[in-house]
Amino acid sequence: MRLDPRPGERIDRSEPIRFTFEGKLVEGFAGDTIGSALYAGGRRVFSRSFKYHRPRGLLCCSGACPNCMMEVDGVPNVRVCVAPAHEGAVVKAQNVRGSLERDLMAATDKFGGPFTPVGFYYRTMIRPRAAWPLFEKFLRSAAGLGTIDKHARRTGRYDVEHRHADVLVIGGGSAGLEAARAAAASGEHVVVVDENAPRGDAPGGLELLAPATALGIYEGGLVPVAAGRILYKVRAKRIVVATGALEQPVIFPGNDLVGIVLPEAVRRLVHDFSIRPGEKAVVLAADDDALAIADDLRDAGTQVLEVVDLRNGPHRISASGTKGRLNGVGVEGVRYNCDLVVASGGRQPAYSLLAQAGATVAYDEGRGVFVPRDLPANVEAVGSVTGEGTGSIAPAKTLLGDKTFVCLCEDVTEKDVKRAIAEGFDSIELAKRYTTVTMGPCQGRLCHLASVRMYARETKQGEDAIGTTTARPPWSPVELGLLAGRPHEPGKRTSIHHRHKEAGATMMWTGSWRRPHSYGDPAAEARAVHESAGLIDVSTLGKLVVRGPEAAVFLERIYPNRFADLKPGRIRYAVLGTDGGRIMDDGTVARIDDETFYVTTTSTGAEGVIEWFEWWNAIWKLDLSIVDVTGAVAAVNLAGPQARELLGPLTDVDLAPDAFKYLDAKQGKVAGVPTLLLRIGFVGELGYELHFPSPHGETVWDALAATGATPFGLEPQRILRLEKMHVLIGQDTDSESNALEASMPWIVKFEKDEFVGKWALEHVQERGMRDRLVGFEMQNGSVPPEGGAVVRDGRLAGRVTSARFSEQLGRAIGLAWVPEELAVEDADITLRVSAGLERAKVRLRPFFDPEGERLRS
Amino acid sequence: MKDIFRVRRMWRPRSELKPRYDVVIVGGGTHGLATAYYLAKNHGITNVAVLEKSYIGSGAAGRNTTIIRANYRTPEGAEFYKKSVELYEELGADLDFNLLFSQQGHLTLAHSDRGIITATERAEVNQLLGIDSRVIGRDEIRELCPEMDLSDDVTWPVMAALYHPRGGIIRHDAVVWGYARGVDRRGIEIHPYTEVTGIDRENGRVTGVQTNRGPISCGTVISATAGWSTLVCDLADVPLPITTHILQAFVTEPMKPFLDVIIVSSQMHVYISQTDRGEFLIGAEIEPYTTYRGTSTFPFLEFAARHTLELFPQLERVKVLRQWTGLCDVSPDYSPILGKTEVEGFHVSAGWGTYGFKAAPIVGTTLAELVATGDTPALIQPFELERFYTDTLVSEVAAAAVSH
Amino acid sequence: MSLSLDFLSPALGEPAPRSPLARALARSGIRDLSLDYGVLDARGDLTGHPMEGVEVVRLSPERSFVLCPYRDAPGLREWLEGRGVAAIDASGGYAGLEVEGEAVMRRLTELPLDRCPAVGAVGHVATLVLRDGDRFRLFFRQEYADYMGERVLDALEGLA
Ligand SMILES: Cc1cc2nc3c(=O)[nH]c(=O)nc-3n(C[C@H](O)[C@H](O)[C@H](O)COP(=O)(O)OP(=O)(O)OC[C@H]3O[C@@H](n4cnc5c(N)ncnc54)[C@H](O)[C@@H]3O)c2cc1C
Ligand code: FES
């Protein structure tokens, strides 16, 4: 079947290539596609159709239709007509049970055809209800094209390349290249994208991306271009769309038979791959270019029986075949025995990219095609995409509508379309959804125009009244892997991270940070804090410097608590509320000097708080700056009865209890590093939170660890803070909690003139408390799940937000939201534990060291 | 069976507008059509017009990712959606139209301690209300979905999941068409390509609507316009605490069965299911900016693809076929706004954000009851617009933001 | 003793600071700039203050980054503050590295590389990009150092 060497062929006969198809050896040459090699070897059936499992063969040979999809090297749905052949490739047919020639599922065509009219499944298996899930299983296994290898692993080998250009030309045909050359000549940087592999070098001065597909024209003029395993993201000042026009199939009975092809398939088979496409052919075409294909055929030794110019009015055409393969075609009652029909119903501008970019699409009555109009700014169209030189013939009315295919991807016939209209699906968008025309892998390239024109004909309206359906990107199917790119996800690590790993910590996420859950024994770590001293990395806390003459005014307004009266060198707990009075975040505020405050936030809340601060100050315009120093500062907390003794030798700061009191901030050196020391205690023991420059993280950590302080993770910290009944914002509170009901009324200073959320909290005060966050102690020692229900009369009355067993106390304790009436010391509450009910007593004061003596010691 | 072959019209062609109807429903999505359906079916009220500015189902009804589930976080929400799921289970038979309801089960993944707490909260509330819902560990997840990457060497290892066996997906268009056919057969008129441009009132009471096809007088107007709710309610000077955002989704080429459970990861802002057609249906969370312009974005594709492959590395070579966008009317507490407004006779169904599709049957039932009796059914009292004035919000943020 | 913001300045520490990129870039041959440059986050008008040996990157009319030799940051900060410019020593907050060639930068960022200095996402992380011929200096938050190190090395490798 391979012709003698021809000038301009793409194959290199000196380099044979061998691969397998369904286990059998196939031979081809370098430059072949898998499809051309198979065709040269005599294969004609390339796939089985989606619904009826009808045999299908090469139709466009240019990657536009659904007909040649196969599995290549484990990758499903590869269009083999454009996939380069490579040595050792393993190619398999898909969507068949058996072989391409003998597909068991083809029964759906013989029997299913008449039994499965469009939308049939909406009208079957409704009763009894139990029937549907069984039928659904069958339906599911019948649907779908390729198979996914369940054990496939991710390669992650994809690259992104961002490009900036003056001009991007999409489409490297004659019109595109002409526009590109003109732009390049005037000194512009031009990138050209073309779907076909380049022939020779790119014309001078142009950058050519090929074979590559522009996926869409997105917001901001972004054009993603898929080129194998590289995704180019092109941004150009000017986009020239030269995507040309798409050859349209002719709609007639039997038009899906193997052996009916578009002219482009012949061009490629003959000129690129030197293959004789068939022995005897009939050409049916509606434009001069397509009619000229007869010459190419003769040139390749095919006998051309007849050339029919379809522009001369409607023709009665019908094709026949055996086992799905064409054996003849009848035109106006004359039958031709042939194995090839080259049929073209004209060419439709490939306007999808333009439509997606915002152009409108209008019907061009004279040409019989849809053309783009009103192009968006900075987007131009040249060549046949504008409509120039295109045109289509009206689909002839056929009588034998059963096997007249409008849409090959979805196996939709003319009869289906008529039926949909008769049922009332009389707008094109409704019809598309009902029949699924245009919703398959060809993205409507080969069926959109035909279906619209058929609609117009059947409903006796103009095509312009029918309109088009919305163009939905991407223009060509694109691999998830290419979109995903390299498998990296940004995650934040503190400057002490590696020390935790070296110490064997299990790491966990808090927001976008990685933090140690524990170093192996949470209970022992908690014990160490109570008995001697523990050390925890709290570098993830958000940290801000709020500075300026009006910094105090700002904090006073944004927090419900007071800060104007905070003395330099002192610290105060700070709960931040929304304008709706909800708790947003918490932390501490230390006053550095009159105009400078050092604010900490929760680890997950930092970004939100900064945004919140900046947002309000954009309104208030107070004279101050807000600087995020979260990453610049590392922080560790040294806590426990021995904290003072252990820290003493490392610092020049006087740690004596009366010199450095609870809630004091001091400055000095720790292990030679400039440090801000905050005496606060989330975990309930004497503690120092040390803030110092991040690059010294390991130095300070090492020095503290060397004193014998035990590193502890988040899990022991949670036990410890729970013993103190310290609230974890976001866990013990949710987006609706307010400070009053969260049992923190002392932080709300109603006597202040104004603060964010004041009215809302006043409203809460007025309407009275509904729920309250309280402590509880289990009566039998079992630990309820966090998130567990507080139950009253069989109904949800509240929630457990935190619960742990405290070794220190020898009890299971927790925090829960309960109805206000139950928020009294010793009240009995009922909690759900493993679907059973258990009793607990309400506690309103910290479980451990309620007077805070240890904290202040 | 006979009905398969008989060609029978689903609905009558659009007629002329009458000068007066008892009830005008604005919006031909699932909520508008369902309300019309139950007005006729449950209360015999049929002098009703459904006005739709485009074709039926052209809004979020035909764009959503069709997750139907009841495992919400608040008792009010869970009870409400539970009723809706029950109605959905019977809906195919009720409408005599197969909606392809695929109750394959729904897994909300937890990748952190916080995620497990949220899952537990929901399971507890659900169990108390008799909703099949529980927190399961990795072993059980592996049994339900052996394809998912459950190893520790991914960015966000899966720690547990909330499992809801009755959660499912459905064919959204079938729901629209089934309701529309039911509505039409009961004598209610559906008017596609009819846009409401004004809402007439007198003394705080609705008297009619203005449309691009002329005025209509009526005693009751229901806005079931989802993403357009703020615009339509503006016509009646009813302010809603709603912001409008876009939500995007995409499908891949149809593949042979691979996944038969719905996977949702709030942490990764992605959810994945495989439809009966074999397509993977993948979505994310709303875009943070507010807009009524429905253009699809490329960063969404990249983001969703990245996170899909974290869960299912096998899908690396599966191809995206098309993406689209829909509008979402987001309320502050991620619960709907349902029922009466300060304008007498003007009722709303709004605030549906990313999760309103599953509520269509119960919204229709309760709004129809409201119209017929004049009283707000107990089931939807928690969702009245009034709650924003009385500060009794129903927070579903933790259960609705990405979970749909 | 009254308090100050000295605890933000790594250069005031006696022990040697450690680069956050030290591990990620070990043996990679990529230049680690983290300890070469001090970074000041400055608010106010810098135009009237000519400084030697420093680079000023204006982020907004009000806000600039001042890059100076690592050890000079505390002194420069004092000098600026004396002239009414509020400046915070953010040296500890940033990691920096240098890569060569536009090709690798194109894999990492959509920033227009002919318009540097610029701030934008590089490998999904907000980054300050400075360009000298074919050399690019990237500064980003130090908590992303491991990630960025890995990301840049992987990008350099390309598809090869
Ligand atoms: C991508 C996406 C995924 C989603 N996934 C889910 C999911 O998995 N599960 C779930 O439960 N929910 C989901 N949702 C949400 C759900 O789709 C909506 O909340 C729900 O469909 C809204 O109700 P509806 O069907 O009545 O709305 P719509 O279908 O939007 O109906 C409103 C109708 O009002 C019409 N209209 C507007 N203004 C006027 C006017 N002035 N005059 C006349 N007509 C007018 C519109 O044209 C529209 O047809 C999703 C939404 C989107 C966008
Ligand atoms: S023949 Fe390969 S895509 Fe059409």
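Values in this document were obtained by computation on a predicted structure and should not be read as measured data. Throughout, a chain's letter reflects where its sequence line sits, starting with A, and its residues are numbered from 1.
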Just do the side-chain hydrogen bond (donor to acceptor under 3.5 Å, both in side chains) check on His497(A) and Asp146(C) with the steps written out, would you?
-> CA-CA 10 Å; His497(A) 179 88; Asp146(C) 283 347; 5.1 Å; no
Heavy atoms only, distances under 4.5 angstrom: which of [options] has the most pairs with chain A? Name it, please.
| options | result |
| --- | --- |
| Ala86(C), Pro20(C), Pro112(C) | Pro112(C) |
| Leu8(C), Val39(C), Asp41(C), Leu35(C) | Leu8(C) |
| Ala103(C), Ser9(C), Ala90(C) | Ser9(C) |
| Glu14(C), Arg106(C), Arg151(C), Met148(C) | Arg106(C) |

With a 4.5 angstrom heavy-atom cut-off, which part of [X] approaches chain A: side chain, backbone, both or neither?
| X | value |
| --- | --- |
| Arg43(C) | side chain |
| Arg107(C) | both |
| Ala87(C) | backbone |
| Phe7(C) | both |
| Ala16(C) | backbone |

[atom1] of [X] to [atom2] of [Y]: how many Å apart, nearest 0.5 Å?
| X | Y | atom1 | atom2 | value |
| --- | --- | --- | --- | --- |
| Gln142(C) | Ser539(A) | CD | OG | 8.0 Å |
| Tyr147(C) | Lys492(A) | OH | NZ | 13.0 Å |
| Asp154(C) | Asp159(A) | CG | CG | 8.0 Å |

Per-residue contact mode, [X] against chain C (heavy atom under 4.5 angstrom):
| X | value |
| --- | --- |
| Lys669(A) | side chain |
| His164(A) | side chain |
| Pro568(A) | neither |
| Arg493(A) | both |

Go through the side-chain N and O atoms of Ser4(C) and Gln667(A) and say whether any donor and acceptor fall under 3.5 Å apart.
-> yes
Can you see which heavy atom on Ser694(A) is nearest to which on Gly92(C), and at what distance?
-> CB-O, 3.5 Å
At their closest point, which heavy atom of Pro15(C) faces which heavy atom of Thr699(A), and how far apart are they?
->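 Looking at all heavy atoms of both residues, the closest pair is CG-CG2, 3.7 Å.
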Residues of residues 52-73 of chain C with any heavy atom under 4.5 Å of a heavy atom in chain A =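 Under the 4.5 Å heavy-atom cut-off, Tyr70(C) qualify.
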Any donor-acceptor N/O pair, Arg157(A) side chain to Gly158(C) backbone, under 3.5 Å = yes
Inspect the surroundings of CD in Glu611(A) and state if more than 12 heavy atoms from other residues, nucleotides or ligands are less than 6.0 Å away.
->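 Not more than 12 within 6.0 Å, no.
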In this structure, are over 12 heavy atoms from other groups packed under 6.0 Å from Glu614(A) atom CD?
->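 Result for CD/Glu614(A): enclosed.
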Do Glu143(C) and Thr494(A) touch side chain to side chain, with heavy atoms closer than 4.5 Å?
->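 The answer is no, as the side chains (C-beta and beyond) never meet within the 4.5 Å cut-off.
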Are the side chains of His696(A) and Pro17(C) in touch, meaning some heavy atoms are under 4.5 Å apart?
-> yes
Evaluation steps, side chain to side chain contact (heavy atoms under 4.5 Å, CB included), between Ile88(C) and Arg547(A) | CA-CA 10 Å; Ile88(C) 296 277; Arg547(A) 201 161 167 240; 4.1 Å; yes
Neighbourhood of chain C inside residues 624-638 of chain A, taking heavy atoms under 4.5 Å as contact =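 Answer by number: Ser625(A), Ile626(A), Val627(A), Asp628(A), Val629(A), Thr630(A), Gly631(A), Ala632(A), Val633(A).
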Quick one: which residues of residues 591-600 of chain A reach chain C at under 4.5 angstrom, heavy atoms only?
->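 From residues 591-600 of chain A, the residues near chain C are Arg591(A), Ile592(A), Thr596(A), Tyr598(A).
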If you look only at pairs with a residue in residues 108-131 of chain C, which of them pass as a side chain to side chain donor-acceptor pair (under 3.5 Å), with sequence neighbours excluded?
->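 Listed by first then second residue: Arg235(A)-Glu110(C), Glu102(C)-Arg131(C).
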Please determine, among Glu161(A), His488(A), Lys543(A), the option with the most heavy-atom pairs under 4.5 Å with chain C.
-> His488(A)
Answer yes or no: is there an ion pair linking Arg23(C) with Glu698(A), defined by an N-O contact shorter than 4.0 Å?
->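 Result for this pair is yes, salt bridge flagged.
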